[in-house]
There are 2 protein chains.
Amino acid sequence: MNGSTTVEDYVKTIYGHTEWQPESITPSALAARMGLAASSVTEMVKKLAASGLVTHVPYGAITLTDQGRALALRMVRRHRLIETWLVESFGYGWDEVHDEAEVLEHALSDRMLDAISRQLGQPTRDPHGDPIPAADGTVRLPDAVLLSQASDGHRGAVVRISDRNPELLRWLDEHAVRLDAPIEVIERRPFGGALAVLVDGHPLDLGSDAAAAIWLAA
Amino acid sequence: MNGSTTVEDYVKTIYGHTEWQPESITPSALAARMGLAASSVTEMVKKLAASGLVTHVPYGAITLTDQGRALALRMVRRHRLIETWLVESFGYGWDEVHDEAEVLEHALSDRMLDAISRQLGQPTRDPHGDPIPAADGTVRLPDAVLLSQASDGHRGAVVRISDRNPELLRWLDEHAVRLDAPIEVIERRPFGGALAVLVDGHPLDLGSDAAAAIWLAA
DNA sequence: TCCCAAATTTCGGCATGCCGAAATAATACG
DNA sequence: CGTATTATTTCGGCATGCCGAAATTTGGGA
Ligand SMILES: [Mn+2]
Ligand SMILES: [Mn+2]
Ligand SMILES: [Mn+2]
Ligand SMILES: [Mn+2]
């Protein structure tokens with residue numbers, strides 16, 4: 001049926017692609033994100049479609065059905081709650097939680113998840129600012145601008161930082177770029193150069209990778 | 001190599017068979033314990049032997065090697081620590097922890113396990129009285145007598161109760177048969193009849209299944 | 001000692017997921 | 001518009017684990 005660890009990771013990855021800029025994902029992009037061969041993705045997508053979790057016309061993009069989206073949100077909730085838990089209750093750094101959550105999201109029972117959520121006071125965002133879907137599957141994305149696309153002079157608190165690159169997370173943390181830190185865009189250097197910003201009033205130069213990982217309040 | 005979830009459960013089950021009455025396990029007994037066909041066990045045992053976790057001569061019994069025993073103890077430690085954690089930190093009943101632990105034992109990282117053990121004060125026995133092996137693989141089994149084999153007049157505290165049957169655990173709990181409760185054997189009724197005991201001074205009749213699940217301090 | 005029942009192993013098969021190579025479809029561009 | 005590149009799918013294969021049926025081994029009783 002549905003619900004294997006593998007299926008859970010597929011729908012979660014598909015959802016993740018559309019969360020911040022909604023456009024359905026292609027098989028090759030999905031394969032790249034999951035670190036799998038394209039042929040593996042083709043086959044699994046066929047099964048996901050057969051069990052009603054995605055729609056997919058051959059050679060076309062992949063889109064979650066309502067059912068698929070519901071499963072994805074369930075997994076995203078699990079993942080982010082667990083990340084939060086690891087930071088709050090086990091002293092993990094925000095750069096250390098992802099891999100552990102990737103495993104535990106498939107293993108904890110609903111009962112434990114509920115207990116954890118309660119113990120943490122029903123948090124609504126994870127250590128990286130990602131919104132934690134409610135148990136009923138509702139999510140509210142903060143109004144956010146990607147720092148790399150913010151205009152000069154834009155001011156706003158950091159509302160989200162991509163958790164994709166742990167090294168970047170460590171570097172940002174060392175330079176006081178954390179959730180809720182106020183940032184002002186000073187100057188955008190041309191030709192893909194650094195972005196000059198003020199973090200909490202202190203000047204900092206951010207490379208394009210860093211700037212593409214940070215969202216500011218709109 | 002070694003270390004898949006499946007392999008972990010096999011060595012744990014083999015170890016479990018020998019913990020309280022050391023005699024190596026036969027393929028059919030192992031199959032029965034694991035709920036698998038005998039043919040499946042034959043094949044897996046061959047792989048376990050090939051990777052040095054058990055010794056096995058064809059048509060003979062199965063014995064853990066030192067390496068297999070080390071892995072088993074690692075898993076048993078995980079299982080029992082997790083059961084303890086579920087009771088202490090998540091309000092589970094002692095009859096509710098086994099299945100959840102059976103999954104989590106394969107999923108939690110060593111780092112989390114260490115943190116949990118520290119949070120619980122490095123416990124040395126689980127909710128059923130089973131000893132929790134230390135991180136270095138040492139275990140100390142309490143001196144215990146199976147209640148069904150204790151002689152009339154024997155007195156001793158409950159040091160262990162088998163966690164195999166959750167219904168039995170609930171029944172025992174309702175009748176105040178808990179860890180450390182003092183028990184005195186009054187009378188052994190003949191022909192496999194009930195065993196009359198005093199629990200904390202109160203009379204109670206135990207059937208043979210119950211009596212075979214309870215260990216008293218020797 | 002011989003034979004039989006029970007235990008064990010072997011064998012072919014199935015399910016899940018993955019891969020690389022080959023085939024095919026879509027698209028881009030000259 | 002035709003072709004060349006790129007994306008996608010198909011196909012055969014592999015690894016892990018499981019099963020039932022058939023074959024084999026063992027140990028006990030006659
Ligand atoms: Mn995962
Ligand atoms: Mn996160
Ligand atoms: Mn248990
Ligand atoms: Mn298990």
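Each chain gets a letter, A, B and so on, in the order its sequence line appears, and its residues count up from 1.
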If only side-chain N and O atoms of [X] are considered, is one of them under 4.0 Å from the OP1 or OP2 phosphate oxygen of [N]?
{"X": "A:S4", "N": "C:dG17", "result": "yes"}
{"X": "A:S28", "N": "D:dT8", "result": "yes"}
{"X": "B:S40", "N": "D:dC19", "result": "yes"}
{"X": "A:K46", "N": "D:dT10", "result": "yes"}
{"X": "B:Y10", "N": "D:dC18", "result": "yes"}

Tell me which nucleotide among [options] gets nearest to the side chain of [X].
{"X": "B:E43", "options": "D:dT8, D:dC18, C:dC18", "answer": "D:dC18"}
{"X": "A:K47", "options": "C:dG17, D:dT8, D:dC18", "answer": "C:dG17"}
{"X": "B:T42", "options": "D:dT25, C:dG17, C:dT10", "answer": "C:dT10"}
{"X": "A:M44", "options": "C:dT9, C:dT24, C:dG17", "answer": "C:dG17"}
{"X": "A:H56", "options": "D:dT9, C:dG17, D:dC11", "answer": "D:dT9"}

**OP:** Could you check A:P58 against A:T5 and say which one's nearest nucleotide on DNA chain C is further toward the 5' end?
**Re:**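 The residue mapped nearer the 5' terminus is A:T5.
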**OP:** Quick one: sort the A:H128 and A:W94 rings into parallel, tilted or perpendicular, breaks at 30° and 60°.
**Re:**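 Aromatic pair A:H128/A:W94 classed parallel.
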Expressed in angstrom and rounded to an integer, what is the separation of [X] atom [atom1] from [N] atom [atom2]?
{"X": "A:Y59", "N": "D:dA7", "atom1": "OH", "atom2": "C1'", "value": "8 Å"}
{"X": "B:I62", "N": "C:dT8", "atom1": "CD1", "atom2": "P", "value": "8 Å"}
{"X": "A:E8", "N": "C:dT16", "atom1": "CD", "atom2": "P", "value": "15 Å"}
{"X": "A:L36", "N": "C:dT16", "atom1": "CG", "atom2": "P", "value": "17 Å"}
{"X": "A:H106", "N": "C:dG17", "atom1": "NE2", "atom2": "P", "value": "12 Å"}
{"X": "B:L48", "N": "D:dC18", "atom1": "CG", "atom2": "P", "value": "10 Å"}

Original post:
Looking for any heavy atom pair under 4.0 Å, which part of the strands does A:A37 touch: base, sugar-phosphate only, or nothing?
Top reply: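 Answer is sugar-phosphate: A:A37 comes under 4.0 Å of backbone atoms only.
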Original post:
Under a 4.0 Å N-O cut-off, is there an ion pair linking A:R125 with A:D130?
Top reply: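 Here A:R125 does not pair with A:D130 in a salt bridge, since their nearest N and O are not under 4.0 Å apart.
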Subject >> Qualifying residue, where the test is side chain to side chain donor-acceptor pair (under 3.5 Å) with A:E105 and the options are A:R77, A:R80, A:H79 >> reply: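 The side chain to side chain donor-acceptor pair (under 3.5 Å) with A:E105 is passed solely by A:H79 among A:R77, A:R80, A:H79.
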Original post:
Looking at C:dG20, does its base get a donor-acceptor pair with the side chain of A:S39 below 3.5 Å?
Top reply: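 Such a pair is found, so the answer is yes.
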**OP:** Establish, for the pair B:R111 and A:Y92, whether the NZ or CZ atom is under 6.0 angstrom from the six-membered ring centre and no further than 45 degrees off its axis.
**Re:**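 Yes, a cation-pi geometry.
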**OP:** Decide whether A:D9 and A:H106 meet the rule of one side-chain donor and one side-chain acceptor closer than 3.5 Å.
**Re:**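 A:D9 vs A:H106: donor-acceptor pair found between side chains.
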